[in-house]
Amino acid sequence: MNSAGEKGRWGAGGGRGGRHAVVVGGSLAGLLAAHVLAGHADRVIVVERDRLPDGPQPRPGVPQGRHPHVLLQGGQVAMESLLPGFLAELREAGAPRVGMPSDMVMWQTGRWFRRLPATTHIYTGSRAQLEDLVRRRVLANPVISVLEGTDVVGFLGDASRVRGVLVRDRSGDARAESRPLEADLVVDASGSGTKAPQWLAAIGAEGPQEETIDTGLAYASRVYRGTNGALDGETRGYYAYPDPEQVHAGGALPLEDGSHLVIVSGLRGDEPPTDDDEFVTYAKRLPHPLLHRWLDEAEPLSPAFGFRRTANIRRRYDGPGHPAGFLATGDALCTFNPIYGQGMAVAAMSAVALRDALADRRRTPTTRRVQQALLAASRLAWDISAGADRKMPGAVGTAIDGGPADQVAGWYLSRVQERAPGDPVVGRAFRAVLTLSAPVTALFAPPVARAVLFRAPAPTPTEPPAAPEESGARA
Ligand SMILES: Cc1cc2nc3c(=O)[nH]c(=O)nc-3n(C[C@H](O)[C@H](O)[C@H](O)COP(=O)(O)OP(=O)(O)OC[C@H]3O[C@@H](n4cnc5c(N)ncnc54)[C@H](O)[C@@H]3O)c2cc1C
């Protein structure tokens, strides 16, 4: 892609009868990118290594799908703008819409959140269901086709331009030959384990600089049906966030069938077990026995699944010297520590950025400009997860050292965190930023800054609050 504004302006088209785009990976970022590109290409081929299920089923290419996947407000807005009516479909399919902080029992930095009226909502249904709905909507477009059960194993092209991909059937035949699939644009949406840096190197093209911050956080998740009523009715879920003093996190979030997906997490060296009994015992490490007691009585409905690759990784393709005709998006561009629940939202926000960059009539959408727009779409999420993870004990990586400005911001943010659970004004701004629906500057708006700089933290409940506060407490 040198220029790719609209049909007719995009790439050479070669002898293939039109402009072709190839998207590597048919998960959320790939599907949403394909949806946008279909407005600019004659043909979009999504190459996906899995055989795609005919319904909301987990699949091997997305092992994280067994773990909680909340859709934050910023992602909801982006999804709806890409696929109008999507949120109504999600609700119709039964995905719980949970109000924050009213519907949840939440703990952070030594405090319980007051259950004030909701200022934001999250969707907590299963990852498989959400992906299934996106897949159905996107693949209904006849411009888009999927090459299932097929691996991308390399790129075509040279240092100046990526001209397609090499694909190989996953037939199980190790001798199967790879074959070329030419394209005017290749989009890498193959997730955090992307091999694009190696494939670029193999054609002599410049790869990315990588920024990493790894806390060694590990997850274990398991589905339960509650029996003691603590997470029914007005209390729909529970969440305890980690911080440098309390490094364990845990939560129970409602799924579409009335069960809860429970997660416990810990850092390197104290990873949560996937053994059935030990999973429950591990919940004792949380700052309050609520989740442990609930688990002790609840009925497990699945085995426990673990997950350990949770480093923040940002691949910088936005500088000069990278080949034309290649973009990276989703986790392949920027992977976040999943504890902050941002990746799907950023995949959707990136697709909106792609759409807007390609539609911008004032500026030629060069590869570099579009890649910069994709990076910008992930910046807030990166600042949140990298900023928080830098402070965690044992964190390692190339981007671990923040500058002096980060230290001042860190001081201010820790005061925000102390006040968010009890102060309605600070809490609203904090949630807006954390759910990617307001920029960080929302935390510096005058009423918020006054509370953060000059007021002591407001009192918070001494025990997990069992019910939402009355509307009289509205901010
Ligand atoms: C434990 C965990 C919990 C998470 N929780 C949340 C959450 O609460 N909220 C949230 O918003 N996000 C969450 N995320 C992040 C979220 O899963 C991703 O950001 C999201 O799936 C978008 O990723 P993606 O489409 O870029 O990549 P992925 O979803 O990882 O998909 C990559 C796709 O590429 C395919 N592929 C890979 N290599 C090849 C190849 N060579 N050839 C062909 N196909 C290939 C794979 O099969 C897969 O389909 C979580 C992540 C993890 C790990």
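Just so we're clear, the structure is a prediction, and the values are computed from it rather than from any experiment. In each ligand, atom 1 is the first atom listed, and ligand 1 is the first ligand listed.
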Criterion side-chain hydrogen bond (donor to acceptor under 3.5 Å, both in side chains) on Ser385 and Asn312, from CA distance to verdict | CA-CA 7 Å; Ser385 60; Asn312 302 283; 3.1 Å; yes
Pairing residues for Tyr241 by the ring pair (Phe, Tyr, Trp, His ring centres under 6.0 Å) criterion, not counting sequence neighbours | Tyr239
Within the 4.0 Å heavy-atom cut-off around ligand 1, the contacting residues, ordered by chain and number, are Gly25, Ser27, Leu28, Ala29, Val47, Glu48, Arg49, Arg59, Gly61, Val62, Gln64, His67, Pro68, His69, Val70, Arg127, Thr150, Asp151, Val152, Ala189, Ser190, Gly191, Trp199, Tyr219, Phe307, Gly330, Asp331, Pro338, Gly341, Gln342, Gly343, Met344, Ala345
The side chain to side chain donor-acceptor pair (under 3.5 Å) partner of Thr119 among Arg431, Gln73, Arg428 is Arg431
Closest non-hydrogen contact found for Arg285 with His248 is CD-NE2, 3.3 Å
Would you give me the side-chain donor-acceptor pairs under 3.5 Å for residues 23-37, sequence neighbours excluded?
residue	atom	partner	partner atom	Å
Ser27	OG	Arg127	NH2	2.7
His35	NE2	Leu82	O	2.9

Please identify each residue that fulfils ring pair (Phe, Tyr, Trp, His ring centres under 6.0 Å) with Tyr219, with sequence neighbours left out.
-> His67
